[in-house]
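Data block below; observations after.
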Amino acid sequence: MSEQKTQRWLNWAIILLGLLTLFLWTWNRENLKQTLPSVHVTNNSLSSEVKIDTFWVFGPLQLPDDIKYPTKIKLNKYNFFEAHGVETQESEVTLQSFHQLEKSLRSKNLIAENHFNSILFGSEPVFNFDHLFKEIKLASVYLACEIESDQEREIALISGARDITKIWLNHQLVTEFTSTRWVEKYTDISRIKLKKGNNLLLVKVSRHMGWGLSLSLTNLENAKRMEKENFNVRLLSSRIIPFQGNLKKRNGAISLDDAKEIRLLDAKGEELPWNGFNGNTVTLDEFKEGLYTIEAKFTDKTRKEDFYIGNIAKFCQKIRSEFTAILQKINDPDTINLETLIKRLEYLANPSKLHREPVLGEIETVERIRALHSLTSYLEANDSSYRSAPGKHLRGYISEIDQTLQHYQVFVPQTTLTPEKGFPLVVVYPTRAETRPHFLMSFHLEFKDIIDTFIKESSKNGFIVLWPFARNEKRSLIGNVDVFESIQAVQNDYAINPNKTYLAGGCDGARESIMIAARNPSYFAAIGLYEPIINEDYLSKEPSVEARKEEFKYSSPILWLKNLQNTPIYIAHGELDSHIPLAYSTYYMQKAQEAGVEIELDIIQGGTESYFPKQDNQQIAQIVNFFQGKERKKRPQKIVLQVNNTSALSSDWLTVQPTHLGREFALCTAEFISPNELSITTDGMTALTIDLTKTPWRVGEPLKVTIDGETYYDNTPQETELIFQLKTLLKKKTTSKN
């Protein structure tokens, strides 16, 4: 009996000890969580099934001074835990590891009390570390959170980051990417599997140029919709496969696992025999170097994705010799386009000029190889129809200014639009860079999200989209010439409707869009801007402002507003934009209304320059919608022209010649009071030309022209042009009437 009692007491002791151990473990764990630097986040999930409630944030942690360039790769691989005495791999980090790291850093006086913090935005966590740690360079920050799930489930992790980012879930690497732009909500979508109970999510964001992070969770159905809408659907984890390498599936919301049928095609589109994927990979040992395509049939759509097997650098070495025979047979326009593709591919393959975003770099590389295959096939068959083919093209032209090869990118939608009507054309003015590299090496070709959004929205409306390149980082006239030469190059290949040419731009590109339209006031049917830099007050923050006052003076969008009275303007601006304040756009709208310009300002609620709403890309979508149906006014009743004393200016039916007698600006307003009466007021003008073929005047009827209150002409014109010198009526140009 005593043995039974002893065993019973022993059992109770074991149970109590277990409960005490569990209590102490839970208490210690919760106490540990309370002592760690953290920030509380609410309602951050797009799905109600699971949420992220708290982030533990550690940083900034700087690279040692003895680490030399190139630091980008080293930042990605550098283990700050081991560097500070915490023996753990990054993939094996726990909350205890963070506690040990913080303790180590504090003991060495390497971290301040306020070393952790966050910037929250709206209902989702957005950490803008650039705002917090402006002086910190070549550093990393770690974030951790627990995701509680009541069962095993598959969901999507939606992430957006600037610079170098790695994300682990339960010690398994989920995604790794690089972005050089501002933080965006939906840069990457990954499919993840949660276990029942606690799931540890670990994120490392490193700063090479700038840093920030956004994270959200959602269900797979919502994530698949988002991938489709934002052109983020990728099926393969890599597009460039080395010899004896493996082709791997991507773990995005839309996966090859969901495909009903998968085929492998060669460069000509012919099906090849293969054994399919073995799990997530397939070995390609038996395939030769070259371009291939994975074709996957889903319930709603068939998707194709190109990939290349081999060494791109070696491919570039032999590409020119293989195309020599073709280049000898063809004329200059064909050579220009071929040279453009080859030059871009050589840049992408050059290890010394690593693409800023490796994933996008691979996609871009394979796209250019596909374009080369397509173009050479046309040329070998002496078929020039490629010049008017739909799709996205990178092309070149010879500039008439200096006979150099210049480049542009154009997208042409699949459409039933008849050539007689012509395509509407959207010209996207490039944003100015701090330094202006060659177009084929510039970030303008790497803004895939913005480019793809313009493509998506333009496809809906049947618009062609042109991305020109304006040379010179300063606001020079050669940049404007480049834009118009690019437009001419597109017009040579496609039927463009001259009455439906639009201009769009963001940031500094928006400012230049205004200026180029004001200097060519009868050319564009409408202007669409997002987050525009408007007035010279913004530029006055630059150190060189004093030396550039004259430049600011003549390039102020406010100054040239009068010239846009026949060009409607649309502006989309985020209400919380701190980089380019909303006040600029509201001020510009006020001045535009005072000048009689048709203008519309759309304030994007919650939008900032570092929180571009990529889910629906409101700015770009609404700009393209604004263009729909807008046409250039062919015979406007009223024209207002302002010009400085260096050149003449034309708008539709009016050309003005300013004085050169010390006046800074000249102004002319010409308005048809009725179809038979034209009233003109001038200030600083020497001569005027009226093209009667473009005016509202009724042919064959008398016309009265009053200039500054004095009748200059009262007759029935037999001419197509009336040329006036103030106070003196010059000999009229006699040409046949249209």
Side-chain angles (χ1 to χ4, degrees), residues 395-410 425-433 435-439 442 444 464-492 496 498 500-529 532-536 539 548 550-564 566-567 569 588 597 632 641-652 654-658 665-666:
R395 293 181 173 171
Y397 65 93
I398 297 296
S399 173
E400 294 184 4
I401 297 177
D402 54 7
Q403 303 303 304
T404 58
L405 175 60
Q406 297 300 318
H407 309 271
Y408 64 93
Q409 186 166 251
V410 63
L425 175 65
V426 177
V427 182
V428 184
Y429 200 98
T431 300
R432 184 177 62 140
T435 57
R436 187 58 69 97
H438 194 284
F439 180 59
S442 71
H444 300 294
I464 287 181
V465 184
L466 166 65
W467 292 269
F469 186 62
R471 280 176 284 174
N472 200 315
E473 69 277 5
K474 295 181 180 179
R475 297 169 182 82
S476 63
L477 294 178
I478 193 172
N480 292 350
V481 174
D482 286 344
V483 170
F484 285 105
E485 287 194 334
S486 299
I487 294 174
Q488 183 60 55
V490 174
Q491 290 175 337
N492 291 339
I496 302 298
K500 292 186 176 183
T501 298
Y502 311 101
L503 197 56
C507 194
D508 192 84
R511 177 194 180 92
E512 294 310 298
S513 295
I514 296 171
M515 294 307 302
I516 196 172
R519 289 166 176 154
N520 301 272
S522 62
Y523 196 91
F524 298 99
I527 307 170
L529 315 170
I533 294 176
I534 293 298
N535 60 331
E536 56 273 21
L539 297 173
R548 300 173 65 186
E550 286 301 307
E551 177 191 347
F552 296 161
K553 184 176 186 178
Y554 294 110
S555 63
S556 167
I558 305 296
L559 181 65
W560 299 100
L561 262 170
K562 295 181 177 66
N563 291 354
L564 297 175
N566 293 310
T567 308
I569 301 173
Y588 185 73
V597 176
R632 181 175 63 87
L641 288 180
Q642 178 173 287
V643 62
N644 59 23
N645 62 2
T646 60
S647 61
L649 187 67
S650 298
S651 178
D652 205 66
L654 176 64
T655 301
V656 300
Q657 180 65 53
F665 295 100

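Please read all numbers here as calculations on a predicted model, not as lab measurements. In this chain, numbering begins with 1 at the start of the sequence shown.
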*asked:* What verdict does the side-chain contact (heavy atoms from CB on, under 4.5 Å) test give for V490 and Y408, after you've listed the backbone C-alpha separation in whole Å, the side-chain angles of each residue and the deciding distance to 0.1 Å?
replied: CA-CA 9 Å; V490 174; Y408 64 93; 3.7 Å; yes

*Provide the closest heavy-atom pair for T567 versus A526 in the form atom of the first, atom of the second, distance.*
CG2-CA, 4.0 Å

*Scan side-chain atoms only and decide if T655 and S650 contain a donor-acceptor pair under the 3.5 Å cut-off.*
yes

*When rounded to the nearest 0.5 angstrom, what is the spacing between CD in Q491 and CD1 in I464?*
10.0 Å

*asked:* Within this structure, what is the CG-CG distance for the pair L641 and L654, rounded to the nearest 0.5 Å?
replied: 5.0 Å

*How close do P532 and A510 get, heavy atom to heavy atom, and via which atoms?*
CB-CB, 3.4 Å

*Using a cut-off of 6.0 Å, state whether more than 12 heavy atoms not belonging to Q403 lie near its atom CD.*
yes

*State, to 0.1 Å, how close H407 and F469 come at their nearest heavy-atom pair, and which atoms those are.*
O-CB, 4.0 Å

_What's the separation between atom CD1 in I533 and atom OH in Y588, rounded to the nearest 0.5 Å?_
14.0 Å

_Given 3.5 Å as the limit, does a donor-acceptor pair link the side chain of D652 with the main chain of S522, or not?_
no

*Say you draw a straight line from OG1 of T501 to CD1 of I496; how long is it, rounded to the nearest 0.5 Å?*
7.0 Å

_Test ring pair (Phe, Tyr, Trp, His ring centres under 6.0 Å) applied to Y523 - qualifying residues, sequence neighbours left out_ = F484

*May I have the step-by-step check of side-chain contact (heavy atoms from CB on, under 4.5 Å) for S651 and N563, ending in yes or no?*
CA-CA 9 Å; S651 178; N563 291 354; over 6 Å; no

_Interatomic spacing from OH in Y429 to CG in L503 - rounded to 0.5 Å_ = 8.5 Å

*To the nearest 0.5 Å, what is the distance between CG (L564) and CD (Q642)?*
11.0 Å

_If you define the side chain from C-beta out and look only at heavy atoms, does anything of P521 sit under 4.5 Å from L649?_
yes

*Shortest non-hydrogen contact from P498 toward R632*: O-NE, 3.7 Å

*Distance-minimising heavy-atom pair for L529 and S513*: CD2-CB, 4.0 Å

*Any chance the side chains of Q406 and S399 put a donor and an acceptor closer than 3.5 Å?*
no

*Does any non-hydrogen side-chain atom of S486 lie less than 4.5 Å from one of Y397?*
yes

